[in-house]
Amino acid sequence: MAIVLGKQYIERIDGLNNEVWIDGERVTGKLSEHPAFEGILRTKGILYDTQHDRNTQSLVTGITPNGTERMNFAFEQPVTVNDLKKRREATQLWARKSCGTVGRSPDYINTAIMTLGSSPGFFEKKYANNVQGVYEQAVKKDLSFTHTFINPQVNRSPNYLKFEFLNELNKKDIIAAKVIDETEEGIVVHGARLLATQGGLTDEVLVLPTGSATSDPSYAYAFAIPSNTKGLKFLCREPYASKVSNSFDHPLTAHFDEIDSVVVFDHVLVPWDRVFLYGDAERAAGIYKDIHLNIMLLFQAVSRQVVKTEYLLGLGEALAQSIAITEYSHVQEKLSEIIITLEIMKALLYRAEMGATKNEFGTLVPEAIPLMTASSYYQNIYPRLVEILHLLGASGFIALPTEKDFQSTVGKDIEQYLQGRNAGAKDRVQLFRLAWDLTMSPFGTRQTQYERFFFGDPVRLSSALYQAYDKKTLVEQVNDFLQNHHGY
Ligand SMILES: Cc1cc2nc3c(=O)[nH]c(=O)nc-3n(C[C@H](O)[C@H](O)[C@H](O)COP(=O)(O)OP(=O)(O)OC[C@H]3O[C@@H](n4cnc5c(N)ncnc54)[C@H](O)[C@@H]3O)c2cc1C
């Protein structure tokens, strides 16, 4: 059986003994019993369980390439429009389990693994089998992946990597992970990468080139290795989940804090059979675009963002109803802004699906421009959606008693003074707590930063859209008008 149950996934992660550091300590016990990770691991377990649930199995699983077993839906190479539709619906089913807040559900990087594995012709002959080998293992064992695609933020000057190269810095001065040695067994990678969401909580790590041009071959690499490879360390950010006490007070943080981590490669040996690309600046520059990896990932991301926007709209409307403000025209206008966002995102997603075309590797790839548009648009609009909730909820986001307050001797006062128009105080507070946790708590604030940046810097993504957009015929149309309008 190529699909695991949640319990099997969690046991496997616990058994890896990955080197995970958090709050100044290395985690020594089971990750699933650590307060920072237990919520998100349980949540991921629930997603894996849907693969075995009779009601959802046909949607969230596909049939393995050899036709014998079921596999995670994201590993299925889409070849028809129906495949894309199924992929979207499956992603959205998973996204609904977390109000769209879990960005790295196992369909995200699994989609990248599928895309890589379906495009062996892109890679140098000597590495093509490796890519397919990793894909086949991932399918067979239902593996999960984190990824790290960018360099540490130490110096973003355009000349930094060139400078580092020219100065032949000592190995001890290396910052951005690079290949420092080649042996019979493989390449040796040393340095750091950002920012692996769920780093340490997955079976493997996918490492791809940063996307910025490099003339130094030691930065041109791609590979996937097990998370417990010797020398691999995950340095986690401050956890949010371990600091919360219950689901009433922090309904999202308690279950969906994915954790993000800096990944350190301390002389990590990457075996040759795990190397996808090395020393090949041209392929390194083309890996996202030439096999449409970026577009396949965007299809997953935009599908999830649609779900998240549905929740934002549902929350906004429920908040407004709970304090009876829906009749004010500016409130309706604000809620309409969320409606407009939702409808634009859905329209772009469906248009991408309908405009899909097969690439040279046989993958049916959604149309790029609508997805690039959706992603750039959402990066900018998401903070405004959050602001709308804040504007509607006003002090309701601050006068937020905890579950303990309700249970205390002042509980009666709270019941009396914090009730809603048509709801008891507990229901109203629970609703406001959900909105607060999505938009204002440390978890919620990270959500905003996530939507702004997770797919890359908004400025450079807008530039990419500009460059990809076919403007030629539009300019010709204008020129044509200028030349011919005298005849009116
Ligand atoms: C919550 C969260 C989760 C993430 N998860 C992952 C993950 O799982 N895996 C992963 O690989 N990455 C992940 N990322 C990283 C994400 O891909 C980056 O944040 C994004 O690519 C931007 O890079 P940066 O953060 O280094 O910003 P920087 O590139 O340092 O940008 C900082 C500022 O400088 C400007 N700037 C920098 N360079 C240029 C330039 N060349 N031209 C113009 N302006 C420039 C930017 O516009 C920006 O305003 C995550 C990020 C966040 C916030």
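Order of appearance sets the numbers: ligands from 1, and atoms from 1 within every ligand.
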Closest non-hydrogen protein atom to [atom], residue and atom name please, with distance?
{"atom": "atom 21 (O) of ligand 1", "answer": "Gly456 CA, 3.3 Å"}
{"atom": "atom 49 (O) of ligand 1", "answer": "Asp457 OD1, 4.5 Å"}
{"atom": "atom 28 (P) of ligand 1", "answer": "Arg156 NE, 3.4 Å"}
{"atom": "atom 23 (O) of ligand 1", "answer": "Ile150 CD1, 3.7 Å"}

Quiz item: Just by modelled atom types, is the Ser303 backbone N or O under 3.5 Å from a matching donor or acceptor in the Thr91 side chain?
Solution: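 It does not hold such a pair.
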Exercise. State whether the side chain of Glu204 and the backbone N or O of Ser144 hold a donor-acceptor pair below 3.5 Å, judged by distance alone.
Key: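 No.
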Practice problem: Establish whether atom 37 (C) of ligand 1 and some protein heavy atom are separated by less than 4.0 angstrom. | Solution: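 When distances to the protein are checked, atom 37 (C) of ligand 1 has a heavy atom within 4.0 Å.
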Can you list the ligand 1 atoms lying under 4.0 Å from a non-hydrogen atom of [X]?
{"X": "Thr148", "answer": "11 (O)"}
{"X": "Phe454", "answer": "17 (O)"}
{"X": "Arg446", "answer": "1 (C)"}

Pairs of nitrogen or oxygen atoms closer than 3.5 Å, one from [X] and one from ligand 1: do any exist?
{"X": "Arg460", "answer": "yes"}
{"X": "Asp260", "answer": "no"}
{"X": "Thr197", "answer": "yes"}
{"X": "Tyr450", "answer": "no"}

Between [X] and [Y], is NZ or CZ placed under 6.0 angstrom from the six-membered ring centre and within 45° of the ring axis?
{"X": "Lys126", "Y": "Tyr278", "answer": "no"}
{"X": "Arg12", "Y": "Tyr48", "answer": "no"}
{"X": "Arg237", "Y": "Tyr240", "answer": "yes"}

Quiz prompt | Mutual orientation of the aromatic rings belonging to Tyr108 and His147 [parallel < 30°, tilted 30-60°, perpendicular > 60°] | solution =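 Answer is tilted, since the angle falls between 30° and 60°.
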Quiz item: Do Tyr221 and Phe276 pass the ring-ring contact (aromatic ring centres under 6.0 Å, His included) test, and can you show the C-alpha distance, the side-chain angles, and the key distance before you say yes or no?
Solution: CA-CA 7 Å; Tyr221 53 77; Phe276 301 163; over 10 Å; no
Among [options], which one has a heavy atom closest to [atom]?
{"atom": "atom 27 (O) of ligand 1", "options": "Gln153, Arg193, His147", "answer": "Gln153"}
{"atom": "atom 14 (N) of ligand 1", "options": "Leu194, Leu195, Val154", "answer": "Leu195"}
{"atom": "atom 11 (O) of ligand 1", "options": "Tyr108, Phe149, Phe455, Phe453", "answer": "Phe149"}

Practice problem: Report yes if some heavy atom in the side chain of Glu387 is under 4.5 Å from a heavy atom in the side chain of Leu391; otherwise report no. | Solution: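 Yes; the side chains approach each other to less than 4.5 Å.
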Quiz item: Of the options Arg446, Gln305, Gln379, which is the one that meets Glu451 in a side chain to side chain donor-acceptor pair (under 3.5 Å)?
Solution: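 Only one option passes, and that is Gln305.
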Quiz item: Going by heavy atoms, is Arg104 under 4.0 Å from ligand 1?
Solution: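 A heavy atom of Arg104 does come that close to ligand 1.
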Self-check item: His255 and Ser247 side chains, donor-acceptor separation under 3.5 Å
Solution: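 Looking only at side-chain atoms, His255 and Ser247 do form a donor-acceptor pair, the distance falling under 3.5 Å.
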